[in-house]
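A quick write-up on the structure given underneath.
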Amino acid sequence: MKRFLLWVVGVILGVAVLLGAVMTVSYSFTGEGSRPAADTQFGGQALEVNGSCWQVPLLGGVFDKVFTSPETLTVQKLGVLYDAHPALALPDWASYTTLTIETDIGSIVFAGSASQYEDFLFPANGDYKAKLTVWRLPQDYLATQFEGGTTGAIRKNLGVEHPAKPTGWYSYSFRFTLQASAEVALSTERLEQGGVAALSITGLTGETAPAVETDLGSVQCVRLGSGWRAYIPAAYNASAGGHTVNVTVNGETFARTLTVLPKDFGTVEVEPEPASTEAANAEFRNNIWPLYEQPVREKLWAGAFLCPAENYMTLVDFGQVKVTGGQQGSRSNSTRLYTIPGEPCRAPANGVVVFAGDLALTGSTVVIDHGCGVRSYLYGLQELSVTRGQTVERGQAVGVLGEELTMDFKLGSKSVNPWPLFQTSGGLFWQEKG
């Protein structure tokens, strides 16, 4: 029995010595190079690490070895940056960030994460100082749970990742001078009647929206990412030729030319339409016309619009000249579809219902605001299933179709051709992810 006990003790001591040797080798070969690469950039320039703390796994994740470098008062000087929104590029491993930007007199203008910074606009050109901390943390693990330690210390690994990976952070401190100027770009310089052009204004500081003037229609700008975006309609009857687009930014005016190309929409035979009463016209004007000039809301659509009717036949198309008894009449600014009664009328895109009700002139009517001044007007429904102020999603039923549906897509007060919207074509989808 004594021999057996001595043998057991010897085995235990041997295993302990072996583990100790393995631990010693693992410890000695685990150096600072085991930390993730600190590949972080701001405004296209590599940032220099100014403080760090990492726990690097040993023995496949049984223990962690700590590497730390205290933060100093050193501030990296990046010089002059000419982009109004200097890009922040993070390493692939980054999972959590904190960024603080302050003016040269210490006023904080931004405090948040890297993702929140994407929508930030600097208040003005000038001198700024920033402090950035980039973390790599296990999923669902909080920065406040990180223990840290002194260089060389050994900590028990939490075992929340398999395989175990380094956990910790790098910090950066830097200053720069922002000296940006506005840049104005059109999605196209040539546009067919019925089309839409996008206008992008970048390189701006401050929260004041640029002013856009053109004879093609009333145009309002909205914030989109780190810049501004506006959409310009070319109505079916917009005059062919060059149109000046003036963009005023911080007292400076930029002029661009948008050339409208004529388009032959053809003709269509129609039956005489019954005359409407003045009361019906007045009701329509009072309820619908004010929507044309409403302030624009943020962009709500994403991707192609959807035709409100799934099954239909086109009776009168957008831009067609209506012919009655051989006599040419007005051109259509809307599209009239023959539809199957009882089928749902679908929301063309995400939006907010800004009108839902019955009008003598257009029957059961729904108007959806899709943002940036784009609104869909749906006339002649059999029933309504939404109310004013309700948020709707693309494809959601907003009512029930009757025999005919009239759809009118407008930018402000100008009607545009709906078919390119259903095909993700035209300015509404320019740089949509940008």
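Note that the structure is predicted; figures quoted are calculated from it, not measured. When reading the values below, keep in mind they use all heavy atoms of this one structure, side chains included, and skip hydrogens, waters and symmetry mates.
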Seminar exercise, completed: Taking every heavy atom of L186 against every heavy atom of T257, the minimum-distance pair comes out as CD1-O, 4.0 Å
Problem set entry | Separation of L384 CG from D358 CG (nearest 0.5 Å) | 6.0 Å
For this session: Could you tell me whether the side chain of R136 reaches within less than 4.5 Å of the side chain of T167, counting heavy atoms only?
Result: yes
Exercise. Given side chains that start at C-beta, do those of F254 and E252 come closer than 4.5 Å, heavy atoms only?
Worked result: yes
Identify each donor-acceptor pair in which a side-chain atom of residues 237-247 lies under 3.5 Å from a protein atom, sequence neighbours left out, and give them as a table.
unit_1: S239; atom_1: OG; unit_2: H243; atom_2: NE2; d: 3.4
unit_1: H243; atom_1: ND1; unit_2: D215; atom_2: OD1; d: 2.8
unit_1: H243; atom_1: ND1; unit_2: D215; atom_2: OD2; d: 3.2
unit_1: H243; atom_1: NE2; unit_2: S239; atom_2: O; d: 2.6

Problem set entry | Atom pair CG/OG1 of L401 and T339 - distance to nearest 0.5 Å | 4.5 Å
Problem set entry | Under-4.0 Å salt bridge between K129 and E102 | no
Exercise. When the aromatic ring centroids of W135 and Y170 are compared, is their separation below 6.0 Å?
Worked result: no
Exercise. Would you say S173 and Q76 make side-chain contact, with heavy atoms under 4.5 Å?
Worked result: no
Exercise. Does the pair D369/R297 count as a salt bridge with the N-to-O cut at 4.0 Å?
Worked result: yes
Problem set entry | salt bridge (charged side-chain N to carboxylate O under 4.0 Å, His left out) partners for R223, two or more places apart | E207
Exercise. Is there side-chain contact between V386 and V366, with at least one heavy-atom pair below 4.5 Å?
Worked result: yes
Problem set entry | Exercise: identify the closest heavy-atom pair between G203 and A180 | O-CB, 3.8 Å
For this session: List the steps and the verdict of side-chain contact (heavy atoms from CB on, under 4.5 Å) for S415 and F318.
Result: CA-CA 9 Å; S415 299; F318 174 86; 4.0 Å; yes
Exercise. Do you know which two heavy atoms are closest between L337 and M407, and how far apart they sit?
Worked result: CD1-CE, 4.0 Å
Exercise. Is C345 close to V400 at the side-chain level, that is, under 4.5 Å between some pair of heavy atoms?
Worked result: no
Exercise. Taking all atoms of both residues into account, what is the closest heavy-atom pair of V296 and G373, and its distance?
Worked result: CG1-N, 3.4 Å
Exercise. Can you find a side-chain donor-acceptor pair between T40 and Y172 that sits under 3.5 Å?
Worked result: yes
Exercise. Got T205 and L178 here, is their nearest side-chain heavy-atom distance under 4.5 Å?
Worked result: yes
For this session: Quick one: pull up OG1 in T188 and CG in L258 and give me the separation to the nearest 0.5 Å.
Result: 7.0 Å
Exercise. Are V196 and W430 close enough, and set up right, to give a side-chain contact (heavy atoms from CB on, under 4.5 Å), and what steps lead you there?
Worked result: CA-CA 10 Å; V196 177; W430 182 57; over 6 Å; no
Give every donor-acceptor pair under 3.5 Å between a side-chain atom in residues 105-117 and any protein atom, sequence neighbours left out.
unit_1: S113; atom_1: OG; unit_2: S115; atom_2: OG; d: 3.0
unit_1: S113; atom_1: OG; unit_2: Q116; atom_2: N; d: 3.3
unit_1: S113; atom_1: OG; unit_2: Q116; atom_2: OE1; d: 3.4
unit_1: Q116; atom_1: OE1; unit_2: S113; atom_2: N; d: 2.8
unit_1: Y117; atom_1: OH; unit_2: P86; atom_2: O; d: 2.6

Exercise. Distance from L199 atom CG to R256 atom CZ, nearest 0.5 Å?
Worked result: 8.5 Å
Exercise. Cation over ring, K65 on F67, under 6.0 Å and within 45°?
Worked result: no
For this session: Might you work through the side-chain contact (heavy atoms from CB on, under 4.5 Å) test for Q139 and E161, ending with a clear yes or no?
Result: CA-CA 8 Å; Q139 186 175 0; E161 287 185 303; over 6 Å; no
Problem set entry | Distance in Å, W228 CH2 paired with T202 OG1, rounded so as to fall on 0.5 Å steps | 13.0 Å
Exercise. Around R155, counting heavy atoms of other residues, nucleotides and ligands shown, do more than 12 lie under 6.0 Å from its CZ?
Worked result: yes
Exercise. Within the side chain of Q145, is there an N or O that forms a donor-acceptor pair under 3.5 Å with the backbone of L142?
Worked result: yes
Exercise. Is the number of heavy atoms from other residues, nucleotides or ligands under 6.0 Å of Q41 CD greater than 12?
Worked result: yes
For this session: Check whether any side-chain heavy atom of T365 lies under 4.5 Å from a side-chain heavy atom of Y377, and answer yes or no.
Result: no
Exercise. Ignoring hydrogens and geometry, is there a side-chain-to-backbone donor-acceptor pair from T248 to T253 under 3.5 Å?
Worked result: no
Exercise. Can a salt bridge be assigned to the pair E393 and R346 using a cut-off of 4.0 Å between side-chain N and carboxylate O?
Worked result: no
For this session: Output yes when a side-chain donor or acceptor of T214 lies under 3.5 Å from a complementary backbone atom of L216, and no otherwise.
Result: yes
Exercise. If every non-hydrogen atom of P290 is compared with every non-hydrogen atom of N287, which pair is closest and at what distance?
Worked result: CD-C, 3.9 Å
For this session: Would you give the length of the straight line joining atom NZ of K131 to atom CD1 of I101, rounded to the nearest 0.5 angstrom?
Result: 13.5 Å
Problem set entry | Worked check of side-chain contact (heavy atoms from CB on, under 4.5 Å) between Q193 and F265 | CA-CA 9 Å; Q193 291 172 329; F265 293 96; 4.3 Å; yes
Exercise. With a cut-off of under 6.0 Å to the ring centre and 45° to the axis, is K410 in cation-pi contact with Y292?
Worked result: yes
Exercise. Would you say the side-chain atoms of S334 pair up with the backbone N or O of D408, donor to acceptor, closer than 3.5 Å?
Worked result: no
Exercise. Can you find a pair of side-chain heavy atoms, one from V354 and one from Q294, that are under 4.5 Å apart?
Worked result: no
Give the table of side-chain donor-acceptor pairs shorter than 3.5 Å for residues 46-58, with sequence neighbours excluded, one pair per line with atom names and distance.
unit_1: N50; atom_1: OD1; unit_2: T72; atom_2: N; d: 3.3
unit_1: N50; atom_1: OD1; unit_2: T72; atom_2: OG1; d: 2.6
unit_1: N50; atom_1: ND2; unit_2: T72; atom_2: O; d: 3.1
unit_1: N50; atom_1: ND2; unit_2: T74; atom_2: O; d: 3.2
unit_1: S52; atom_1: OG; unit_2: R35; atom_2: NH1; d: 3.3
unit_1: W54; atom_1: NE1; unit_2: W169; atom_2: O; d: 3.2
unit_1: Q55; atom_1: OE1; unit_2: G148; atom_2: N; d: 3.0
unit_1: Q55; atom_1: NE2; unit_2: D64; atom_2: OD2; d: 3.3

With a 3.5 Å cut-off and sequence neighbours excluded, list the donor-acceptor pairs that the side chains of residues 298-313 form with protein atoms.
unit_1: K299; atom_1: NZ; unit_2: W301; atom_2: O; d: 2.7
unit_1: K299; atom_1: NZ; unit_2: E432; atom_2: OE2; d: 3.4
unit_1: W301; atom_1: NE1; unit_2: L428; atom_2: O; d: 3.3
unit_1: W301; atom_1: NE1; unit_2: E432; atom_2: OE2; d: 3.4
unit_1: N311; atom_1: ND2; unit_2: E343; atom_2: OE1; d: 3.2
unit_1: N311; atom_1: ND2; unit_2: E343; atom_2: OE2; d: 3.0

Problem set entry | Residue list, side chain to side chain donor-acceptor pair (under 3.5 Å) with R394, at least two apart or on another chain | none
Problem set entry | Closest approach of L81 to L78 (non-hydrogen atoms, all atoms of both residues) | CD2-O, 4.5 Å
Problem set entry | Residues, nucleotides or ligands: over 12 heavy atoms within 6.0 Å of N286 CG | yes
